[in-house]
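Single-structure report; data block below.
Atoms within each ligand, like the ligands themselves, are counted from 1 in listed order. Only heavy atoms go into these numbers, but all of them, side chains included; no hydrogens, no water, no symmetry mates.
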Amino acid sequence: MQEFHAQTIIEPFRVRSVEPIQFTTFAERQQKLAAAGYNPFLLRAEDVLIDMLTDSGTGAMSSRQWAGMIASDESYAGAASFYKFEAAVQDITGFKHVIPTHQGRAAENILFHSIAKPGDIIPNNTHFDTTRAHVENVGAIPRDLVISEGRQPRLIHPFKGNMDIAQLEALVAEHHERIPAIMLTVTNNSGGGQPVSMANVRAVSEVARRYGIPFFIDACRFAENAWFIKTREDGYADKTPLEIAREMFRYADGCTMSAKKDGMANIGGFLAVNDDDLALRCRNLEILTEGFPTYGGMAGYDLEAIAQGLYEALDPHYLRYRIRSIAYLGDKLTAAGVPIIQPTGGHAVYIDAGELLPHIPPLQYPAWAFNNALYLLGGVRGVEIGTVMFGMQPDGQEKAAAMELVRLAFPRRAYTQSHVDYLAEVILAAYQQRQQIGGYQLVWQSPVLRHFTARLAPIAAPN
Ligand SMILES: *Cc1c(COP(=O)(O)O)cnc(C)c1O
């Protein structure tokens with residue numbers, strides 16, 4: 001016999017505990033969506049069949065994570081669970097000081113309060129919403145310097161999350177005394193989950209070191225980024241994701257992390273830094289806002305779940321299955337003519353509803369309408385990234401967003417290939433009926449972050 005290599009990429013786990021999902025009829029979904037003010041955020045999760053709202057904190061944990069959680073140490077100070085967590089973070093990132101926080105934005109809050117002041121500038125490939133908000137909260141100015149390829153939705157490029165090094169050089173040369181840190185988000189969440197190459201991480205680090213500016217990685221999806229480096233960048237095919245992650249962190253001076261992403265946990269995060277003095281200032285602030293530095297807003301069992309989860313996120317079988325599941329949905333949609341952001345990134349598929357529904361003007365929210373159609377037709381919940389989310393201007397005027405996208409984010413290890421096949425079928429059904437999808441108008445909105453709580457109404461009843 002000869003060695004055989006199967007082509008099918010299987011889920012690298014078997015199911016040991018199941019959670020029923022709730023089937024509803026079309027008529028029930030019409031009623032539930034109307035009662036929710038046509039806002040999927042206001043649906044009860046139990047009325048959603050396949051929930052692709054976010055990949056944040058929604059993953060399934062492993063038997064080893066649960067085992068650690070049961071055996072956790074809940075001591076207030078110096079718990080064994082903290083030292084296990086600290087050792088895992090130090091082993092993977094190489095950073096000296098590990099500061100636990102209740103989630104990623106708390107790490108951002110502590111970091112920017114400790115390093116930035118009004119008028120400072122923070123360059124990043126693309127700031128994630130909470131990162132931007134924390135930079136602005138201390139009076140500093142966020143600057144997004146992703147390469148121009150990263151702004152073109154149809155363009156295929158292996159590392160669309162890369163920082164534009166020429167622009168970074170120019171900015172730093174002119175303003176280095178106002179730049180307390182350079183950040184790089186891996187993968188680039190707000191840019192479609194697109195990866196950053198190791199060459200780019202190295203180049204950013206080189207600029208930062210030349211000017212003596214600390215370099216921090218927003219590491220939420222560091223493992224997914226490592227997989228893209230392994231499969232797309234010369235010289236990394238034979239390295240493990242763990243080796244690649246370690247190299248990536250070696251070029252930086254610290255990182256912020258949401259453990260709800262590649263920490264494979266339901267809650268948690270951390271800030272890690274090398275600088276002793278900075279660590280001291282961060283820990284002082286942490287005690288004020290998060291808690292004692294050996295738990296930082298988490299239970300001992302959260303620390304256990306993350307200590308184990310960080311390694312599971314780096315398992316090559318898991319990463320192959322995860323990244324392929326997302327590309328698999330992307331391939332099916334592309335083959336059927338549904339426009340999506342290309343290529344698919346590390347955690348989500350983004351449907352271009354603006355192109356798909358040209359008959360709905362931006363101020364009647366085409367992406368919102370398409371997302372609602374997915375719920376009505378198949379009980380699927382994604383999220384609009386379009387004019388409802390971004391259209392409200394500070395002066396109270398409404399403006400069309402740059403793009404009308406529906407994001408379908410993949411919870412980690414929660415769904416199987418047949419769930420993805422079902423998803424594709426629902427999306428194609430909505431695509432085939434796109435002429436029958438009508439726009440929406442706002443009935444009520446809050447002054448800030450209106451998409452979470454707005455109530456809407458269909459302009460022409462969909463038929
Ligand atoms: C989720 C996320 C954050 C914030 O983390 P939370 O745990 O949601 O507070 C920061 N940056 C990026 C890139 C993220 O994806």
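Under a 4.0 angstrom heavy-atom cut-off, C220 registers as being in contact with ligand 1.
Applying the salt bridge (Lys or Arg N to Asp or Glu O under 4.0 Å) criterion to D277, with sequence neighbours excluded, gives R281.
Heavy atoms of K260 found under 4.0 angstrom from ligand 1 belong exclusively to the side chain.
Atom 4 (C) of ligand 1 has as its closest protein heavy atom T130 OG1, 3.4 Å. Remark: minimum distance from atom 2 (C) of ligand 1 to any protein heavy atom is reached at K261 NZ, 2.4 Å. Of the protein's heavy atoms, E108 OE2, 3.2 Å lies nearest to atom 10 (C) of ligand 1. Here the protein heavy atom with the shortest distance to atom 8 (O) of ligand 1 is R105 NH2, 3.0 Å. The nearest heavy-atom contact from the protein to atom 11 (N) of ligand 1 is D218 OD2, 2.8 Å. For atom 5 (O) of ligand 1, the closest heavy atom belonging to the protein is S258 CB, 3.3 Å.
Between the side chain of H113 and the backbone N or O of L285 there is no donor-acceptor pair closer than 3.5 Å.
The distance criterion of under 3.5 Å between nitrogen or oxygen atoms is not met by T185 with respect to ligand 1. Every N/O-N/O distance between G268 and ligand 1 stays at or above 3.5 Å. The shortest N/O to N/O separation between T187 and ligand 1 does not fall below 3.5 Å. For ligand 1, one of its N or O atoms has an N or O atom of Q103 under 3.5 Å away.
A donor-acceptor contact closer than 3.5 angstrom links the side chains of E74 and S72. In this structure, a donor-acceptor pair under 3.5 Å is absent between the side chains of E384 and H451. A donor-acceptor contact closer than 3.5 angstrom links the side chains of E304 and S81. If you check the side chains of N189 and H347, you find a donor sitting under 3.5 Å from an acceptor.
Taking the side chain as every heavy atom from C-beta outward, V383 and M389 approach each other to under 4.5 Å.
The aromatic rings of F95 and F249 sit perpendicular, their planes meeting at an angle over 60°, well past the 30° parallel limit.
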